[in-house]
2 protein chains.
Amino acid sequence: MEFAKNQQNSWYENKEQVLVAVDCIIFGFDNETLKLLVFKREIQPLKGSWSLIGSFIRQNENANQAGLRILKDITGLENIFMEELKTYSAVDRDPGARCISIGQYALIRIDENNKELVNKHGAFWFSLDELPELVLDHNQMVKDALDRLREKARFSPIGFELLPKYFTLPQIQTLYEQIFQKRLDSRNFRKKLLSLNFLKKTEIKDKSSSKKGAYLYEFDYEKETDQSFIFKG
Amino acid sequence: MEFAKNQQNSWYENKEQVLVAVDCIIFGFDNETLKLLVFKREIQPLKGSWSLIGSFIRQNENANQAGLRILKDITGLENIFMEELKTYSAVDRDPGARCISIGQYALIRIDENNKELVNKHGAFWFSLDELPELVLDHNQMVKDALDRLREKARFSPIGFELLPKYFTLPQIQTLYEQIFQKRLDSRNFRKKLLSLNFLKKTEIKDKSSSKKGAYLYEFDYEKETDQSFIFKG
DNA sequence: ATAATAAATGTAATAATTACATTTATTATT
DNA sequence: AATAATAAATGTAATTATTACATTTATTAT
């Protein structure tokens, strides 16, 4: 900020206090539907209500660090893809205190999360279309995060963070169909995706969902570029 | 947030306090270059340093309202286009206090701002390429806001907020050339822009910059759609 | 009447997107 | 051993969007 410190008219003294929290919108993909990790409050008030996972920001960490701390606490995972969504600052959004929240959305490989930790925290994976009512403005946060995910997916190869290291083309097509909530033509989808040159094909087939089996691919981070990734349809 | 209030183990009590500010990155366009409104601190410390315009968020307002309040204070304008950029929360970003800032960028019609108010606040319009060093992380905020503006301009018809109600096609082309920092082909630019069908042509010519004169257009808010507005360059 | 200036315009070549149906590899069944 | 079943893999033609590129037009000043 811009004004004097350690002065009589200090802008830093006696400011009306606002609490700052971080809430995480955690997406996962189980090869069928997009899912969200939410948890059930085990203490009063609002015991039994579903909520996003959050925390107040601490003195010694920035918002990003706070988000990653929460993600590690609840899933055991580090190096998770996480980006700031937006802030939520309505005056009365939290009836208990004047508290603004920085929403962060994260994409994780659902099969890699530590199930014991998740259970210990009373957290559950919900399909997005079966998501229960959440506390405060958390449903709005989820809606905003989904919009952001769609917007990003149109223009950049996001979503690989939701897939295992090796994945098949039908798998990633299903993911995109889930994100956009529409069927995609497999010939056009594959043509587009492969033309972007950031997938490396392996000679290994995954036969878990067909007799023929589908080749496994991996994301080639070397080759990821700015080239736009525009799905208009 | 998710935890108990008015309880012994309340999450709302004794939280380490964080101040929350809003800083505004205010863009304008003078028909030649993109400009930014910054102001010169008139009090110690850092007297004479250039700074974005900001304020602490108040108890009775959300971040958006705080931003609009600042914009009104400094320019006299209401109903300004303003969007949240991102938060800045590095632990030591402000040596005077633990203070996070919510960056908001705004687009204003430079000719409409109240010059007396602007002067009274010690504010000046700088061309982006002549921008001085700003306090704290404000230069980073400007950089991020410019990136965002570019990104948005590629995909949506942003930028009309920077132009007067009636503007010419050469004028808007110059604006886009400033945003993208590259020359655009006028035939292709006009073809694309007009094909999107959200400009209404008037029969009035603006002769301020040529003998022939250029027709004035206005933005047709009715017709603005989602259609993408992609300038690949 | 002429020169000067910036605005307005068109077309052909290339690239990207869309729409659409058949063949292939494999396993399970008979 | 042959057949049925299943999902994966593939190609092409039509349409649409983008790019590259130069001349004409309207007006004012000389």
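The sequence lines fix the lettering, A, B, ..., with proteins before strands; numbering per chain opens at 1.
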Any protein N or O atoms within reach of nucleotides 27-30 of chain C? Criterion: under 3.5 Å, listing atom names and distances.
none

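- Side-chain contact between A:Leu199 and A:Phe219 is present, with at least one heavy-atom pair separated by less than 4.5 Å.
- Distance A:Leu169 CG to D:dA7 P: 17 Å, rounded to the nearest Å.
- Aromatic ring pairs are classed by plane angle as parallel below 30°, tilted from 30° to 60° and perpendicular above 60°; the pair B:Trp50 and B:Phe124 is perpendicular.
- Between the P atom of D:dA8 and the CD atom of A:Gln171 lies a distance of 10 Å, rounded to the nearest Å.
- Checking C:dT26 for Watson-Crick or G-U wobble geometry (two distances, each under 3.5 Å) identifies D:dA5 as its partner.
- Taking a pair to require two hydrogen-bonding distances under 3.5 Å in either a Watson-Crick or a G-U wobble arrangement, D:dA13 pairs with C:dT18.
- Summarising the geometry, the separation between NZ on B:Lys182 and C1' on D:dT19 is reported as 12 Å, rounded to the nearest angstrom.
- Cation-pi contact between B:Lys86 and B:Tyr88: present, with separation from the ring centre below 6.0 Å and deviation from the ring axis of at most 45°.
- For the pair A:Glu84 (side chain) and B:Thr87 (backbone), a donor-acceptor distance under 3.5 Å is present.
- We find that CZ of A:Phe189 is positioned 17 Å from C1' of C:dA16, with the value rounded to whole Å.
- Taking the six-membered ring for Trp and thresholds of 30 and 60 degrees, A:Tyr105 and A:Phe27 have ring planes more than 60 degrees apart, a perpendicular arrangement.
- Applying side chain to side chain contact (heavy atoms under 4.5 Å, CB included) to A:His138 and the options A:Asp23, A:Ile53, A:Leu131 leaves one that passes, A:Asp23.
- Nucleic acid contact for A:Ser209: sugar-phosphate only, since backbone atoms but no base atoms lie under 4.0 Å from a heavy atom of the residue.
- Remark: aromatic rings of A:Phe160 and A:Phe167 are close, center separation under 6.0 Å.
- If you measure from atom NZ of B:Lys205 to atom C1' of C:dA8, you get 9 Å, rounded to the nearest angstrom.
- For the pair A:Lys192 and C:dA16, the criterion of a side-chain N or O lying under 4.0 Å from OP1 or OP2 is not met.
- The distance from atom CD of B:Gln173 to atom P of C:dA6 is 14 Å, rounded to the nearest whole Å.
- Around CG of B:Asp129, the count of heavy atoms belonging to other residues, nucleotides or ligands within 6.0 Å exceeds 12.
- One atom, CD1 of A:Ile204, and another, C1' of C:dT26, lie 18 Å apart when rounded to the nearest Å.
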Pull out every protein N or O sitting under 3.5 Å from an N or O of nucleotides 9-14 of chain C, one pair per line with the distance.
unit_1 : atom_1 : unit_2   : atom_2 : d
C:dT11 : O4     : B:Lys191 : NZ     : 2.9

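- Nearest heavy atoms, B:Ser101 versus B:Met141: OG-CE, 3.7 Å.
- One can place CG of B:Leu196 at 13 Å from C1' of D:dT18, the figure rounded to the nearest angstrom.
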